[in-house]
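Below is one structure; the comments refer to it alone.
Computation of the quantities below employed the complete heavy-atom set of this structure, encompassing side-chain atoms and omitting hydrogens, waters and symmetry-equivalent molecules. What you see is a predicted model, and the numbers here were worked out from it, not measured in a lab.
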Amino acid sequence: MPRIKAPTVAEHRTMQRTALLDAARDLLADGGMAALTFAALAERAGLARSSVYEYFKSRADVVEALAVEDFPAAVADIRGVMLAQPTPERQIAAYVRRQLELVAQPGHRGLLALSVLELDGQARERIRAAHGMLVDLVVGALRRLGHPDPRATAAVLQGAVDGAAKRIDAGADPAALIESALTLVLFGVRGQRRAR
């Protein structure tokens, strides 16, 4: 039996899984999805490659675990920024801006990586539920603005944010893209600027 580095086997397994997820975050931050291989993950975590398979079956499994662990904190962060705003329009602007600011931080690439992976049905459902927490944040602001179907509008708005996030991940200037996304979301394709 291999030596464990904690008082119990359960604690040892928790420590190793945490080390693997931390290593995955680092790899995604350094090189995106291309850097997230099981060999690199094992090396970064200081484990044998075969050990990685004890915790995860695939890269999609790793990214799903990151999303389940990291999404609630991101949602809480975005909610806090929104609640600090006095009007629905400013809450929507904060919703868009903060998501794109987070995507521009390398440590949040795991959440963006979900869009390029094939996930099984259960994983898709878990991610959809987590994503629903995010969309729920903006529904109330849209309702206060009088949108007849705020949930559908929120889904379209989130689609625009997701598209902008992919462009940032591909190397676009975050500040410029955040401004473009805000203009589109708040003022439409005509790009009319008003005070936010």
Please find the pair of heavy atoms, one from P150 and one from V139, that lie closest to each other, and give the distance. CB-O, 3.7 Å
Side chain to side chain contact (heavy atoms under 4.5 Å, CB included) between L145 and I92, worked out: CA-CA 10 Å; L145 286 175; I92 292 167; 3.5 Å; yes
Measuring from atom CD1 of I78 to atom CZ of F71, what distance do you get when rounded to the nearest 0.5 angstrom? 7.5 Å
Atom pair CZ/CG of R167 and D173 - distance to nearest 0.5 Å: 11.0 Å
Worked verdict on L142 versus D149 for side chain to side chain contact (heavy atoms under 4.5 Å, CB included): CA-CA 9 Å; L142 291 167; D149 190 347; over 6 Å; no
Would you say the side-chain atoms of D77 pair up with the backbone N or O of A73, donor to acceptor, closer than 3.5 Å? no
Using a 4.5 Å cut-off on heavy atoms from C-beta on, say whether the side chain of F38 contacts that of V62. yes
To the nearest 0.5 Å, atom OH of Y55 lies from atom OG1 of T14 at 8.0 Å
Considering only heavy atoms from C-beta outward, does the side chain of V138 approach that of T153 to under 4.5 Å? no
What is the minimum heavy-atom distance between L21 and A65, and which atoms define it? CD2-CB, 3.8 Å
May I ask you to decide whether R59 forms a salt bridge with E64, counting only side-chain N to carboxylate O separations under 4.0 Å? no
What are the two closest heavy atoms between A154 and V135, and how far apart are they? CB-CG1, 3.5 Å
Do the side chains of Y95 and V81 get nearer than 4.5 Å, heavy atoms only? no
Can you see which heavy atom on L20 is nearest to which on V52, and at what distance? CD2-CG2, 3.9 Å
With a 3.5 Å distance limit and no angle check, can you tell me whether E11 reaches the backbone of T8 through a side-chain donor-acceptor pair? yes
Contact between R25 and E69 at the side-chain level, heavy atoms closer than 4.5 Å - yes or no? yes
Q158 vs Q99 side-chain heavy atoms within contact, under 4.5 Å: yes
Can you name the closest pair of heavy atoms from V185 and A160 and give their distance? CG2-CB, 4.3 Å
Given side chain to side chain contact (heavy atoms under 4.5 Å, CB included), test L28 with L66 step by step and report yes or no. CA-CA 11 Å; L28 287 167; L66 284 175; 3.6 Å; yes
Could you go step by step and tell me if L100 and L177 meet the side chain to side chain contact (heavy atoms under 4.5 Å, CB included) rule? CA-CA 9 Å; L100 296 178; L177 204 52; 5.8 Å; no
For the side chain of S51 and the backbone of L47, is there at least one donor-acceptor N/O pair under 3.5 Å apart? no
Judged by atom type as modelled, is there a donor-acceptor pair below 3.5 Å linking the side chain of R98 to the main-chain atoms of A94? no
So V63 and L36, do their side chains get closer than 4.5 Å, heavy atoms only? yes
Quick one: do R17 and E54 make a salt bridge, cutoff under 4.0 Å? no
Might you work through the salt bridge (charged side-chain N to carboxylate O under 4.0 Å, His left out) test for R44 and D22, ending with a clear yes or no? CA-CA 9 Å; R44 183 73 63 110; D22 289 343; over 6 Å; no
What one should report as the nearest heavy-atom pair of A19 and A45 is O-CB, 3.9 Å
Between CD of E101 and CD1 of I168, what distance do you get to the nearest 0.5 Å? 9.5 Å
Mind running salt bridge (charged side-chain N to carboxylate O under 4.0 Å, His left out) on E43 and R49 for me, showing each step along the way? CA-CA 8 Å; E43 183 179 338; R49 184 174 174 174; over 6 Å; no
Rounded to the nearest 0.5 Å, the CZ atom of R79 sits from the CG atom of D136 at a distance of 9.0 Å
